[in-house]
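Note that the numbering runs from 1 along the sequence shown for the chain. Given the structure is predicted, the values throughout are model-derived calculations rather than measurements.
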Amino acid sequence: MRSNRGSTVPEDVLASVLPSAVDATSSRRTVNGTESHVIAAGDEAAPLVVLLHGFPEYWYGWRGVVAPLVEAGYRVLVPDQRGYNRSEKPDGVRAYRTSVLSQDIVDLIATEGRDTAHIVGHDWGGIVAWDLACRFPAVVDRLAIVNAPHPTAYRRQLLSNPEQLRRSWYAICFQPPWIPELACRFDDYRLLERALRGTAAPGTFTDAELARYRRAWSRDGAVSGMLHWYRAALRYPPQLPTDRVDAPTLVVWGEDDAALVPSLAVDSAEFCTTSRLEILPSTSHWVPHEAPGRLCDLLLGHLDAEYSSH
């Protein structure tokens, strides 16, 4: 088990990423028996928003969203999810089952002395967010999903849509032991760089930003930890107590997603009792990077909206 115990972001580095006005801190918290690295910002008494990143990112992927949320009066937590960057990297695939990842977030919320939070997830962070809303509905106040399919909608598309099956080929390639790790590390993480740059609008990821990602990928055990999310999903598919999501839900979808067919956005929203769907044209999978301003506007409108009870 790789813990990187005590590893946090130096204040000068954090200040170079987030505006000083947000008063962000980097700390380590024990969640679900592991050490999690967490960026926190905003008034500790303010409504809580948890931002969940996906593959192959880390907390840094949400940097364009943190300040607007804090300025709007929210308390924001952005963890490195287990296996990523400065958080602990348990050994073995079982440690990355989706149900375990959801429990991580339940415990993270509890470290703030809270029982509930607004949850925002992108990519794999969105998968965790869907699972959390179905498995622990009492924990989720409002749910916001960015380019991540509801698990049942995704499974149905894989079984019925050859195009989605074709787009999901990479998940199968991640299943064997050690070979995918070698491929990801080859030529200074060229494959992971292409996973970002090759599927985003030109200029979305700068050389300086990719240098930060390479440092995160190079941490001991990080590549295996990230890949174990895919391995666990196939070997231990989650058994949800329900498909339905009761929390008011916003689904934001970059229409030019190279890995997910656009119909998944519509299919996913249909599993929600109350939902709003926003399709962003000429936007790829990487909405938090390509359209952070539009995403923030949508998130704030969703978090502030009045929804009728059912």
Side-chain angles (χ1 to χ4, degrees), residues 31-32 34 36 52-58 61 79-85 87-106 119-136 143 145-181 183-184 191-192 195-196 199 217 221-243 245 251 253 257-261 264-265 267-268 271 285:
V31 298
N32 199 16
T34 64
S36 180
L52 302 176
H53 68 81
F55 176 92
E57 298 202 84
Y58 64 107
D80 288 331
Q81 298 203 73
R82 71 164 58 200
Y84 283 84
N85 192 36
S87 284
E88 196 164 343
K89 302 161 183 64
D91 295 328
V93 174
R94 281 185 59 86
Y96 297 85
R97 288 167 292 162
T98 307
S99 59
V100 176
L101 304 173
S102 293
Q103 185 65 56
D104 286 351
I105 309 308
V106 174
I119 306 296
V120 183
H122 171 248
D123 185 77
W124 259 110
I127 301 299
V128 174
W130 282 119
D131 190 272
L132 186 70
C134 293
R135 195 180 303 278
F136 302 102
L143 180 68
I145 302 292
V146 186
N147 282 75
H150 184 286
T152 303
Y154 185 59
R155 186 163 55 248
R156 290 176 180 174
Q157 283 283 350
L158 284 176
L159 294 174
S160 63
N161 188 340
E163 174 59 19
Q164 183 55 63
L165 187 62
R166 183 190 68 79
R167 295 191 189 195
S168 302
W169 65 270
Y170 64 93
I172 303 300
C173 294
F174 288 162
Q175 297 303 314
W178 65 266
I179 294 176
E181 278 85 341
C184 286
L191 184 65
L192 294 178
L196 296 173
T199 59
W217 300 333
V223 171
S224 289
M226 294 190 297
L227 293 174
H228 282 345
W229 285 52
Y230 288 93
R231 292 163 175 157
L234 191 63
R235 299 180 199 180
Y236 311 103
Q239 301 298 317
L240 291 173
T242 178
D243 289 324
V245 174
V251 177
W253 205 273
D257 194 316
L260 301 168
V261 296
L264 274 171
D267 293 350
S268 296
F271 284 93
H285 179 79

Just by modelled atom types, is the [Y] backbone N or O under 3.5 Å from a matching donor or acceptor in the [X] side chain?
X      : Y      : value
His53  : Gln81  : yes
Arg235 : Gln175 : yes
Arg156 : Asn161 : no
Arg135 : Leu132 : no
Thr34  : Val31  : yes
Arg167 : Leu260 : yes
Arg231 : Pro177 : no
Arg82  : Ala95  : yes
Trp217 : Cys184 : no
Thr152 : Asp243 : no

Minimum heavy-atom distance [X]-[Y], with the two atoms named:
X      : Y      : answer
Gly126 : Ala148 : CA-CB, 3.5 Å
Leu264 : Ala153 : CD2-O, 3.6 Å
Leu227 : Pro180 : CD1-CB, 3.7 Å

For a 4.5 angstrom cut-off between non-hydrogen side-chain atoms, does [X] reach [Y]?
X      : Y      : result
Ile145 : Ser268 : no
Val120 : Leu52  : no
Val93  : Tyr236 : yes
Gln103 : Phe136 : yes
Pro238 : Ser99  : no
Pro151 : Ile127 : no

>> Please report the interatomic distance CG(Asp104) to CG(Asn32), rounded to the nearest 0.5 Å.
In response: 4.5 Å

> How many angstroms lie between OG in Ser102 and CG in Leu240, if you round to the nearest 0.5 Å?
Replying inline: 8.0 Å

> If we ignore angles and hydrogens, is there a donor and acceptor under 3.5 Å between the side chains of Ser168 and Gln164?
Replying inline: yes

> Does a donor on one side chain and an acceptor on the other come within less than 3.5 Å for Gln157 and Asp267?
Replying inline: yes

Take the angle between the ring planes of [X] and [Y] and call it parallel below 30°, perpendicular above 60°, tilted in between.
X      : Y      : value
His228 : Tyr96  : tilted
Phe174 : Phe55  : tilted
His285 : His122 : tilted

>> side-chain contact (heavy atoms from CB on, under 4.5 Å) for Lys89 and Tyr84? Distances and angles first, verdict last.
In response: CA-CA 7 Å; Lys89 302 161 183 64; Tyr84 283 84; over 6 Å; no

> Are Leu101 and Trp229 close enough, and set up right, to give a side-chain contact (heavy atoms from CB on, under 4.5 Å), and what steps lead you there?
Replying inline: CA-CA 9 Å; Leu101 304 173; Trp229 285 52; 3.5 Å; yes

>> Quick one, Thr98 with Asp131, criterion side-chain hydrogen bond (donor to acceptor under 3.5 Å, both in side chains). Give me CA distance, side-chain angles, the key distance, then yes/no.
In response: CA-CA 7 Å; Thr98 307; Asp131 190 272; 5.3 Å; no

> Between Phe271 and His150, does the ring centre distance come in under 6.0 Å?
Replying inline: yes

>> Are Tyr154 and Trp130 an aromatic pair, judged by ring center distance below 6.0 Å?
In response: no

